[in-house]
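Inspection log for the structure reproduced underneath, given as structure tokens.
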Amino acid sequence: LIDSKKYPLKNSFCSEVIQHKGTLDVLHPSNLLSGTNSTFLGTPIWVEGKIYGVLAFFDPYTRQKPFATYEHETIKLMAQGLAYFITRFM
């Protein structure tokens with residue numbers, strides 16, 4: 001990924017998160033979309049029963065071990081916190 005570059009949503013990791021309505025992780029380049037070679041962990045941000053956006057983290061390197069349960073739970077809690085903020089203050 002390149003800083004400040006815009007990537008189309010279609011065929012992206014984030015579109016997969018939206019389509020499946022849940023947390024997604026991608027560890028190996030053979031599983032990649034959009035020609036990127038990044039490890040990915042993303043989860044939807046739910047606001048008023050709809051997906052508002054996706055909280056996502058990328059790493060330019062292939063991850064050697066699967067994401068742990070606590071890593072999945074942490075990103076979900078972060079997304080819940082963002083959803084609360086969006087609902088409360090926007």
Side-chain angles (χ1 to χ4, degrees):
L1 297 175
I2 300 169
D3 288 344
S4 301
K5 182 176 179 182
K6 293 182 180 184
Y7 295 88
L9 182 60
K10 183 179 178 183
N11 296 325
S12 70
F13 295 125
C14 292
S15 71
E16 291 293 310
V17 170
I18 293 167
Q19 180 180 354
H20 295 290
K21 300 179 182 174
T23 302
L24 172 70
D25 64 34
V26 178
L27 306 176
H28 303 291
S30 63
N31 297 332
L32 298 177
L33 302 168
S34 304
T36 63
N37 59 353
S38 302
T39 297
F40 172 87
L41 179 61
T43 198
I45 301 168
W46 291 93
V47 175
E48 298 178 356
K50 297 179 183 175
I51 296 177
Y52 180 87
V54 174
L55 175 61
F57 294 92
F58 292 87
D59 187 335
Y61 303 103
T62 300
R63 189 174 172 107
Q64 300 303 314
K65 61 181 183 173
F67 285 98
T69 300
Y70 79 88
E71 292 170 303
H72 279 257
E73 294 304 318
T74 299
I75 194 171
K76 289 177 189 176
L77 288 170
M78 292 170 71
Q80 288 173 5
L82 288 169
Y84 173 79
F85 179 83
I86 291 164
T87 302
R88 177 81 168 90
F89 299 106
M90 302 293 259

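Both backbone and side-chain heavy atoms feed into the values below; hydrogens, waters and symmetry mates do not. The model shown is predicted, which means the values in this text are computed figures rather than measured ones.
- To the nearest 0.5 Å, atom CG of residue Leu27 and atom CD of residue Gln64 are 9.5 Å apart.
- Among residue pairs with one or both ends in residues 77-90, none qualify as salt bridge (Lys or Arg N to Asp or Glu O under 4.0 Å); sequence neighbours excluded.
- Between Leu82 atom CG and Trp46 atom CH2 the span is 15.5 Å, to the nearest 0.5 Å.
- What you find for Ile75 and Gly42 is that their closest heavy atoms are CD1-CA, 3.9 Å.
- In the hydrophobic clustering of ILVMFWY residues, with side-chain heavy atoms under 4.5 Å counting as a link, Leu55 and Leu77 come out apart.
- Take Glu73 and apply the side-chain hydrogen bond (donor to acceptor under 3.5 Å, both in side chains) test, not counting sequence neighbours, and it matches no residue.
- Applying the side-chain contact (heavy atoms from CB on, under 4.5 Å) criterion to Ala83, with sequence neighbours excluded, gives Ile45, Val47.
- Interatomic distance, CD1 of Ile86 versus OH of Tyr52, reported as 4.5 Å (0.5 Å rounding).
- Taking a 6.0 Å sphere around CZ of Phe67, one finds it holds more than 12 heavy atoms contributed by other residues, nucleotides or ligands.
- Ion pairing between Glu71 and Arg63 holds under the 4.0 Å rule for side-chain N and carboxylate O.
- In terms of the ring pair (Phe, Tyr, Trp, His ring centres under 6.0 Å) criterion, residue partners of Phe89 (sequence neighbours excluded) are, by chain and number, Phe85.
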Please output the side-chain donor-acceptor pairs of residues 18-25 that fall under 3.5 Å, not counting sequence neighbours, one pair per line with the distance.
from	atom 1	to	atom 2	distance (Å)
His20	NE2	Glu16	OE1	3.3
Thr23	OG1	Thr43	OG1	2.7
Asp25	OD2	His72	NE2	2.7

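- Residues Thr39 and Tyr61 are not in side-chain contact: their nearest non-hydrogen atoms beyond the backbone lie 4.5 Å or more apart.
- Residue Phe58 holds its CZ atom at 5.0 Å from CZ of Phe40, rounded to the nearest 0.5 Å.
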